[in-house]
Amino acid sequence: MASKNDFSQVIDILNDYSVEIQEGITNEAQRIAKEGKDKLKDNSPKRTGKYAKGWTVTTKKGFGWIKCVVHNKTSYRLTHLLERPHLTRNGGYTKPKVHIKPVEESIIREFENNVKNIIQNGG
């Protein structure tokens with residue numbers, strides 16, 4: 001039968017492993033969010049350039065978690081109008097300028113793959 005000391009060592013090892021994984025995922029989330037922001041700046045429709053320059057990342061941290069949100073700080077009301085078709089005042093529809101969805105899908109895929117690698121490699 002294992003002693004208390006053995007269990008204590010195992011718990012310490014698991015805690016260290018957990019901290020390494022959390023740090024790896026936190027760093028990856030911040031890196032991917034910044035990469036997504038940069039891609040959106042490059043791929044956004046540029047009429048005056050103000051919309052493209054407005055992309056930013058907001059990061060919230062808690063105990064053992066992080067939340068990175070990529071959003072347009074200056075023209076947030078314009079994002080859905082550009083991304084999706086909508087009615088014009090003449091009764092027609094606008095053509096969508098899809099630029100957010102492809103970036104979102106690519107960074108989600110990349111983040112998932114990188115998190116799997118972080119977990120498999122132990123941080």
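By convention here, the first residue in the shown sequence is residue 1. In this text the structure is predicted, and so the values were computed from the model without any measurement. Keep in mind that the numbers below use all heavy atoms, side chains included, and drop hydrogens, waters and symmetry copies.
Residue-environment remark: NZ (Lys46) exceeds the threshold of 12 foreign heavy atoms within 6.0 Å. For Lys41, the NZ atom sits in a packed shell: over 12 heavy atoms of surrounding residues, nucleotides or ligands are nearer than 6.0 Å.
When only modelled atom types and interatomic distance are considered, Thr74 and Asn72 share a side-chain donor-acceptor pair under 3.5 Å.
For the atom pair CG of Asp42 and NZ of Lys39, the computed distance is 10.0 Å after rounding to the nearest 0.5 Å. Residue Lys60 holds its NZ atom at 7.5 Å from CH2 of Trp65, rounded to the nearest 0.5 Å. The structure places CZ of Arg47 at 12.5 Å from NZ of Lys50, a figure rounded to the nearest 0.5 Å. The distance from atom CG of Leu78 to atom CG of Leu82, rounded to the nearest 0.5 Å, is 4.0 Å.
The shortest side-chain heavy-atom distance between Lys97 and Ser44 does not fall under the 4.5 Å cut-off. Counting heavy atoms from C-beta outward, Ile100 and Trp55 have side chains that approach closer than 4.5 Å. Using a 4.5 Å heavy-atom threshold, the side chains of Pro96 and Arg84 count as separate. Looking at heavy atoms from C-beta onward, Ile32 lies in side-chain contact with Asn114 at the 4.5 angstrom threshold. Side-chain contact between Val103 and Asn43: present, with at least one pair of heavy atoms (C-beta onward) separated by less than 4.5 Å.
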- Query: Yes or no on side-chain contact (heavy atoms from CB on, under 4.5 Å) for Ile119 and Ile21, after CA distance, side-chain angles and deciding distance?
  - Reply: CA-CA 6 Å; Ile119 292 171; Ile21 297 234; 4.1 Å; yes
- Query: Can you list the steps and then say if Arg31 with Glu110 is a salt bridge (charged side-chain N to carboxylate O under 4.0 Å, His left out)?
  - Reply: CA-CA 11 Å; Arg31 188 191 71 74; Glu110 185 178 350; 3.1 Å; yes
- Item | Test log, rule salt bridge (charged side-chain N to carboxylate O under 4.0 Å, His left out), inputs Arg109 and Glu105 | CA-CA 6 Å; Arg109 236 185 345 264; Glu105 290 172 351; 5.1 Å; no
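When atom types are taken as modelled, the side chain of Glu83 and the backbone of His99 share a donor-acceptor pair closer than 3.5 angstrom.
Judged as a side-chain contact (heavy atoms from CB on, under 4.5 Å), and not counting sequence neighbours, the contacts of Gln30 are Thr26, Asn27, Thr59, Lys61, Ile66, Cys68. With sequence neighbours excluded, the residues forming a side-chain hydrogen bond (donor to acceptor under 3.5 Å, both in side chains) with Thr94 are His86, listed by chain and number.
Of all non-hydrogen atoms in Gly91 and Leu87, the two that sit nearest each other are O-CD2, 3.8 Å. Between Ser75 and Tyr51, the shortest heavy-atom contact is CB-CD1, 3.7 Å. The two residues Thr56 and Lys37 make their nearest non-hydrogen contact at CA-CD, 3.7 Å.
Residues Leu40 and Tyr76 do not share a hydrophobic cluster, defined by chaining ILVMFWY side chains whose heavy atoms lie under 4.5 Å apart.
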